[in-house]
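Numbers restart at 1 for each chain; the letters A, B, ... are given by sequence-line order, proteins then strands. As the structure is a prediction and not an experimental result, all values here were calculated from the model.
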Amino acid sequence: MSSLFGRKSAGNFSRLFCSRRFSCQLFVSRLSFYTTEEELKKAFSPFGKITEARLVQDYTSKHHKGFGFVTFESESDAQKALQAMNNRMIRGRLIFVEVAKPVTGEKRTL
DNA sequence: GTTGAGCGTT
């Protein structure tokens, strides 16, 4: 008997997906002041699918504070990029990568 | 061409 469900699925979803937007976020600090979001995203792109990349800066003075956040689509890729890009050199400066802490005040619905 | 530990957002 031929199994109708015995075939391999082309779109394999074996990777872990994070919940909406409160996970898979990486905290990137000690960035060079000349580093942009595209450089950050471009540096973390080969490690996984990035859904969001932001550099924290003042919305009035336009001066960045030197750190940012990178959101990955899969949690496994986020931690893989963490270990891969931690203490890495960008723009001639060493950067720190850590797991971002959850946003306070936002609803965390699973 | 602007400072240096850090967990943030119009």
Problem set entry | Phe96(A) CZ - dG4(B) P separation (whole Å) | 16 Å

Problem set entry | Along DNA chain B (nearest heavy atom to each residue), the more 5'-positioned of Ser29(A) and His64(A) | His64(A)

For this session: Side chain of Arg93(A) only, please: which of dT3(B), dG4(B), dG8(B) is the nearest?
Result: dG4(B)

Seminar exercise, completed: Atom CD of Glu98(A) and atom P of dG8(B) are separated, to the nearest Å, by 15 Å

Exercise. Between atom CZ in Arg91(A) and atom P in dT2(B), what is the gap in whole Å?
Worked result: 14 Å

For this session: Could you state the atom-to-atom distance from CG of Leu55(A) to P of dG4(B) in whole Å?
Result: 19 Å

For this session: Would you kindly give the CZ-to-C1' distance between Phe27(A) and dG4(B), to the nearest whole Å?
Result: 12 Å

Seminar exercise, completed: The nucleotide from dT9(B), dT3(B), dG4(B) with an atom nearest the side chain of Arg30(A) is dG4(B)

Problem set entry | Any N/O donor-acceptor pair, Gln25(A) side-chain to dG8(B) base, under 3.5 Å | yes

Seminar exercise, completed: Heavy-atom nearest nucleotide on DNA chain B taken for Ser32(A) and for Arg54(A); more 5' hit belongs to Ser32(A)

For this session: Provide the closest heavy-atom pair for Thr35(A) versus Leu55(A) in the form atom of the first, atom of the second, distance.
Result: O-CD1, 3.3 Å

For this session: Check the distance between dG4(B)'s C1' and Ile95(A)'s CD1 and give it to me in whole angstrom.
Result: 14 Å

For this session: Give Val99(A) one of three labels, base, sugar-phosphate or nothing, depending on what nucleic acid heavy atoms sit under 4.0 Å from its own.
Result: base

Seminar exercise, completed: Rounded to whole Å, CD of Gln57(A) lies from P of dT10(B) at a distance of 12 Å

For this session: Name the closest nucleotide to the Phe69(A) side chain, picking from dG4(B), dG6(B), dC7(B).
Result: dC7(B)

Exercise. Is any NZ, NE, NH1 or NH2 atom of the basic residue among Glu37(A) and Arg54(A) found under 4.0 Å from an Asp or Glu carboxylate oxygen of the other?
Worked result: no

For this session: To the nearest Å, give me how far apart NZ (Lys65(A)) and C1' (dG4(B)) are.
Result: 14 Å

Problem set entry | side chain to side chain donor-acceptor pair (under 3.5 Å) partners of Lys80(A), counting only residues at least two apart | Asp77(A)

Exercise. So what does Leu94(A) touch, heavy atoms closer than 4.0 Å: a base, only the sugar-phosphate, or nothing?
Worked result: nothing

Problem set entry | Near-parallel close stack of Phe33(A) and dT2(B) base (under 5.5 Å, under 30°) | no

For this session: Side-chain contact test, heavy atoms from C-beta onward, threshold under 4.5 Å: evaluate it for Met85(A) versus Phe47(A) and give yes or no.
Result: yes

Exercise. Under the 4.5 Å side-chain heavy-atom rule for ILVMFWY, direct or indirect, which residues accompany Phe69(A)?
Worked result: Phe27(A), Val56(A), Phe67(A)

